[in-house]
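Please read the structure below before turning to the comments.
Read the numbers this way: they start at 1 and go in the same order the structure lists the ligands and their atoms.
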Amino acid sequence: MYIIMVASECAPVAKVGGLADVVHSLSGELDQRGHTVEIILPKYDCMRYDHIYDLQIAYRDLWVPWYGGAIHCTVWFGFSDGRRCFFIEPHSQDNYFNRNDFYGFHDEVMRFAFFSKAALEFMLKTNKRPDIIHAHDWQTGLLPVLLYELYQYHGMQQQRVCYTIHNFKHQGVCDEEVLWASGLQRPEYYGNRDRLGDDFSPRHINLMKGGIVYANYANTVSPTHAWEARHTEQGYGLGHILHVHQHKFGGILNGLDYEAWNPETDTLLPHNYTVNNLDGKYANKIALCNRLLLEEAYKPIIAYIGRLDTQKGIALIRHSLFYALDNGAQFVLLGSSPEARINDEFWKLKFELNDNPDCHLEIGFNEELAHLIYAGSDMVVVPSLYEPCGLTQLIALRYGTVPIVRAIGGLADTVFDWNDEHKSPNPNCQRNGYVFYDATPEGLESALHRAIGLWNSHPDIFRRLLVHGMKCDYSWKQSVQNYLNAYEHISVTKV
Ligand code: ADP
């Protein structure tokens, strides 16, 4: 198959969050299976140019219709980690992608609506006719709309769109201006609530909604989150339209990059280990204690690694720290928040607990320390309020660290409670952690209590539990197959 990814991020050249990793890993895996994959990105001035090989002009004069005129663009080509990437560089006084940052500007919707249009215009003019265009998140929600309302009449009637939503919170809600700019016009037609009209802001356009309505297949990044988006407030108002289009909406679990995250070969670890020889894991625990000045005691280490964002359950993270300390465990936290208020709260906590030999808080982002914590800890806690997929629990499983998670989104699809008597639906990874339901201190404690209890009273069984986790397969293998099934389905049927 010939697949073109259109996205606002791709690791490592343009990475802000998980979207970048998905585009990077999925493209690589598809390529390895013999498919032709190209990626179209904006040419940001702040990209990691040191990760682009052989950057050269691919198409010098691309004129992209915009308002009544057109914007002159240059399209560049280069390899990033082996992936074939095209970068669109518009030349206009708007300077859409020369802002010294990826996101956060007043004309955000216009920037990415233009990018979506330019990507299609580039395919049209260079005779690229992929079987599948895979668009991601609100930034490219307008792409399937433009394809089916305009570009199919210029010779792109065979192309099919897969549209993946990584985060429902940001939907690209804007006024009608974007319709005039992109050449769609007819605000009364597109503004209809069956199409792009936002359900909550009258006379506003919702780009993500457009992506869902016009794509041939739409998905989010785990089956449980797909259900939550339709049936709960986690769809941020898109539940109704997802319901209307349920026949073409689903959830495909993200995978984990098993090459980057491999305790056997991880160069950031002082000691490597495998599921058959865990000595290195225990040596890493000692290394972690030394590194963070924790007392070397016969106690389990519980860790939290992640953004300190309300989404992640700040109060429960805090509660797990104190519960661990009160119940004979040690606690390590690595995280930071863009919100000063939350950062201050954790800095204060860090000072309060400064002399406690059983805990360490590291406020900031530290990739290398994250690897050591995953390897050296006994358990990782993930008490999120919502979690479309989540990587933390997947990394923990891979490193033999028992995840303690709230049963929502991708967490519910990947972690199964050790005490659950019912067989898990996934034969690969039955009972690999601890799960709780209520986002309350009592809910969290119900899982922490059992995990700490097993570690203390049955170390042999605890070891069996962590081995179960290490034997799970959450690589991209299955996820890529699921995407391929979706691609194949939509390329033979006109949904
Ligand atoms: P989200 O994408 O919502 O932040 P995920 O669980 O999907 O959450 O992914 C988070 C990733 O970022 C994990 O790989 C985690 O290890 C990493 N990470 C988060 N915070 C930090 C930090 N402070 N230092 C190092 N790695 C971090």
### Task
Can you sort out which atoms of ligand 1 are near Gly306, meaning under 4.0 Å from one of its heavy atoms?
19 (C), 20 (N)

### Message
Under 4.0 Å and counting heavy atoms only, is there anything from the protein next to atom 12 (O) of ligand 1?
### Response
no

### Query
Can you list the atoms of ligand 1 that are under 4.0 Å from a heavy atom of Ile395?
14 (O)

#### Entry: Nearest non-hydrogen partners of Phe200 and Asp198, listed with the distance
N-OD2, 3.0 Å

### Task
Identify, for atom 18 (N) of ligand 1, the protein heavy atom at the shortest distance, and state residue, atom and that distance.
Phe365 CE1, 3.9 Å

#### Entry: Proximal ligand 1 atoms for Gly335, defined as those under 4.0 Å from one of its heavy atoms
23 (N)

### Query
Can Asn284 and Tyr399 be said to form a side-chain hydrogen bond (donor to acceptor under 3.5 Å, both in side chains), step by step?
CA-CA 11 Å; Asn284 283 319; Tyr399 280 63; over 6 Å; no

### Message
Under 4.0 Å, heavy-atom basis, I'd like to know which part of Thr392 is in contact with ligand 1: side chain, backbone, both or neither.
### Response
both

### Message
Measuring from atom 15 (C) of ligand 1, which candidate in Tyr386, Tyr374, Tyr304 has the nearest non-hydrogen atom?
### Response
Tyr374

### Query
Stepwise, does the ring-ring contact (aromatic ring centres under 6.0 Å, His included) test hold for Tyr487 with His35?
CA-CA 12 Å; Tyr487 293 168; His35 301 282; 8.1 Å; no

### Message
Within the 4.0 Å heavy-atom shell around Gly364, which atoms of ligand 1 are there?
### Response
22 (C), 23 (N)

### Query
Where the closest heavy atom to atom 24 (N) of ligand 1 is concerned, which of Leu391, Leu369, Asn366 has it?
Asn366

### Closest protein heavy atom to atom 4 (O) of ligand 1, given as residue, atom name and distance to 0.1 Å
Arg307 NE, 2.7 Å

### Which of the ligand 1 atoms, numbered from 1, are nearer than 4.0 Å to a heavy atom of Ala370
25 (C), 26 (N)

### Message
As an exercise, identify every atom of ligand 1 less than 4.0 angstrom from a heavy atom of Gly390.
### Response
6 (O), 7 (O)

### Task
Consider only side-chain N and O atoms of Thr232 and Tyr386, and report whether a donor and an acceptor are under 3.5 Å apart.
no

### Task
Evaluate the criterion side-chain hydrogen bond (donor to acceptor under 3.5 Å, both in side chains) for residue pair Asp199 and His240; output intermediate values, then yes/no.
CA-CA 9 Å; Asp199 287 311; His240 174 68; over 6 Å; no

### Query
Do you see a donor-acceptor pair shorter than 3.5 Å between the side chains of Glu368 and His371?
no

### Message
Below a 4.0 angstrom heavy-atom separation, can you tell me which part of Lys312, side chain or backbone, both or neither, approaches ligand 1?
### Response
side chain

### Message
Could you report the tightest heavy-atom contact between Tyr374 and Lys281, atom names first, then the distance?
### Response
O-NZ, 3.7 Å

### Query
Do you know the tightest heavy-atom contact between Ala14 and Phe102?
CB-CE2, 3.6 Å

### Query
When you check the gap from the basic side-chain N to the acidic O, do Glu345 and Lys348 get nearer than 4.0 Å?
no

